[in-house]
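By convention in this document, chain letters (A, B, ...) are assigned in the order of the sequence lines, proteins followed by strands, and residues within each chain are numbered from 1. This one's a predicted model, so the numbers in the text were calculated from it and none came from an experiment.
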Amino acid sequence: MNIKQLLSEKVLAAMIAAGLPEDTNPAVSISNRANFGDYQANGVMGAAKKLKTNPRELASKVLEHLDLNGIADNIELAGPGFINIHLDKAWLAQQLTKISKDEYLGVSQRGSSANDKVQTVVVDYSAPNLAKEMHVGHLRSTIIGDAVVRALEFRGDKVIRQNHMGDWGTQFGMLLAHLSDKLQANEVAETALADLENFYREAKVRFDEEEGFADRARDYVVKLQGGDADCAKLWQQFIDISITHSEEIYQKLNVTLSRDDIMGESAYNPDLPVVIDELMTKGIAVEDQGAKVVFIDEMANKDGEPSVFIVQKSGGGYLYATTDLSACRYRTDKLNADRIVIFTDARQALHFKQVELVARKAGFLPENVGYDHCPFGMMMGDDGKPFKTRTGGTIKLAELLDEAIVRAKEVISEKNPDYDQETLNEISRKVGIGAVKFADLSKNRTSDYIFNWKTMLSFEGATAPYLQYAYSRIQSIFTKADFNRNDDGNIITIIEPQEKALALKLLQLEDVIDAVVSECTPNLLCNYLYELASLYMSFYEACPILKEGISSETKQSRLALCLLISKTLKQGLDVLGIDVMDRM
RNA sequence: GGACGCGUAGCUCAGCUGGAUAGAGUACCUGGCUACGAACCAGGCGGUCGCAGGUUCGACUCCUGCCGCGUCCGCCA
């Protein structure tokens, strides 16, 4: 169900009937003011400009052909040529009843029509560096990526998750050397690696200060890349333990990534020489100052100097450029991707632009395969300066999440002291984690953002707990009313303005989901759900359900409306990876 | 130096293909719990949308220039 689309079609038909060309944009949008109707069509003014005719006259001509019988109960012409559409309450009620019975709540599924085919979408997200522990900087990629993945799946696309973990590179030399020493001293790997951050620091200190250690570290890198069996075993141990750390975070965060989704940098290792070979053979890469580089003319500066993209170091080593090119090929050839979506911070924007250009030129990325790099801003400290990853000061993700849960527990026990420990823990987890995720997911900024405990852990205002609270309130009513939540047979009637506002909002879910998957912007869904919950809160105050004197029809209708609202909240929050509960 | 991103209420942020009087939350102020959960609701206060031009019926949105902040730009990822 997409009202905007439906109205667009109707208005366009009327415009064509009024003599306008078929490619006219009806420009239908949601009205931002109640007295301008529910939807408005603004396309007439643009069209009139092109034809150099009077917009007002043209609009009245379009109105003559506009047939919204049964859909709208009032259509009016306003201002210089706005067409304001007031939707019919009975029609809205019918649509609500229809989507109430639909398991996708009216969101049409890919593949249900010929021009809306199922796509295979490869989504590259999270990608922590296994040398270190996950910190708050990894939050965005992980949860935004996961929300987009869930939205794509809810819409019916085939999604292949790819966790492009940093499990390769020179830093592993010092880590393996350090680990080797620990094992020699009879330490158990799990214990030695219990605190990755600590372990990394120790290794780094030795690398910088201890005589001979740096050479051993470099030696380990050579052995690792050369496929030395003992070294590979050591590496595998390290990787396994580090992955376990990440999995704990994913589980706590309610993120859908699993071990099967891991496709680390190391996996592309065997393919890297092949990539270089192809680039050289095709004449795309050339040797320059001992390294192999691609000169990208498309990105030349004013003086005509091309952008330089190094694909192989002068010493023969490979870079992440090489790996990302290999990944392009793997994803199109082996995974049959129709679209590739990558979530990383904005600093890598230039890099991925270069990757795309080179990959397309080399044929690793066919014309019809989409390649979307979705950047986001860096995590900054309270001082407005970037977090430094190696000098303390970083907040471990695990610590943030635990803190959120503790704070949630304080609030919940204060408001509702009767819960037993188990229930309290369960609710605290859902509320605390939800608050952290929503705080981040609800922002669209591609610019940097300042990490702030207070906003991240807030439970008041436009936060996840507000939405969860709305849901719980509804469940509470169902319990009191002894209402069967599986009963979708009740008729919804719209009388009060709060009910109409809710109806409109509920019917806009597909529109929002579509925007989320095409633009990779879960914040739109956050806004939508907050508005829905907010409308519900107003409805709750204005439209009593269980009060004496409420007719049985009204009661049933309002309960049915509540049911659809709660389903939409639950489903929407699920797309964001946030849980709801009957009581909180 | 070049490229990219950002600049909206005290603070955190929305603002969809250009649309009518620029919106939320928070903070502050005023009201509201013997009807269903006050983690809430109703209302108030708060703006030269960085600056200056341009495009047009109309610009936070598009174009140009400038200012400020940030990031990236041949051997890290």
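Among residue pairs with one or both ends in residues 429-438 of chain A, those qualifying as salt bridge (charged side-chain N to carboxylate O under 4.0 Å, His left out) are A/E426-A/R429, A/E426-A/K430, A/R429-A/D579; sequence neighbours excluded. Applying the salt bridge (charged side-chain N to carboxylate O under 4.0 Å, His left out) test to pairs two or more places apart or on separate chains, those with a residue in residues 516-539 of chain A are A/K505-A/E531.
The base of B/A20 sits within donor-acceptor range of the side chain of A/N84, with an N or O pair under 3.5 Å.
Glycosidic conformation of B/G74 is syn; the angle stays within 90° of 0.
Two rings, from A/F36 and A/F82, have their centers 6.0 Å or more apart.
The side-chain contact (heavy atoms from CB on, under 4.5 Å) search around A/D38 returns A/H86, A/L87, A/K500, A/L504, not counting sequence neighbours. Shown here are the side-chain contact (heavy atoms from CB on, under 4.5 Å) partners of A/L12, two or more places apart in sequence or in another chain: A/I16, A/T24, A/P26. Remark: A/S557 pairs with A/I492, A/T493 by the side-chain contact (heavy atoms from CB on, under 4.5 Å) rule, at least two apart or across chains. For A/A346, the side-chain contact (heavy atoms from CB on, under 4.5 Å) criterion is met by A/P375, not counting sequence neighbours. Scanning for salt bridge (charged side-chain N to carboxylate O under 4.0 Å, His left out) contacts around A/D418 gives an empty result, with sequence neighbours left out. Under the side chain to side chain donor-acceptor pair (under 3.5 Å) criterion, A/Q312 pairs with A/K292, sequence neighbours left out. Residues passing the side chain to side chain donor-acceptor pair (under 3.5 Å) test with A/Y318, sequence neighbours excluded: none.
For RNA chain B, none of the residues of residues 427-440 of chain A falls under the heavy-atom distance limit of 4.0 Å.
The nearest whole Å value for the distance from the CG atom in A/N2 to the C1' atom in B/C16 is 13 Å. Going from atom CG of A/N32 over to atom P of B/G19 covers 9 Å, rounded to whole Å.
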List the protein contact pattern of nucleotides 72-77 of chain B with one symbol per nucleotide (5' to 3'): B for base contact, S for sugar-phosphate-only contact, - for none; contact means a heavy-atom distance under 4.0 Å.
SSBBSB

Between the protein and nucleotides 7-15 of chain B, which nitrogen or oxygen pairs are less than 3.5 angstrom apart?
from, atom 1, to, atom 2, distance (Å)
B/A14, OP1, A/N444, N, 2.7
B/A14, OP1, A/R445, N, 2.7
B/A14, O2', A/N527, ND2, 3.0

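The phosphate of B/U26 has neither OP1 nor OP2 within less than 4.0 Å of any side-chain N or O from A/Y466.
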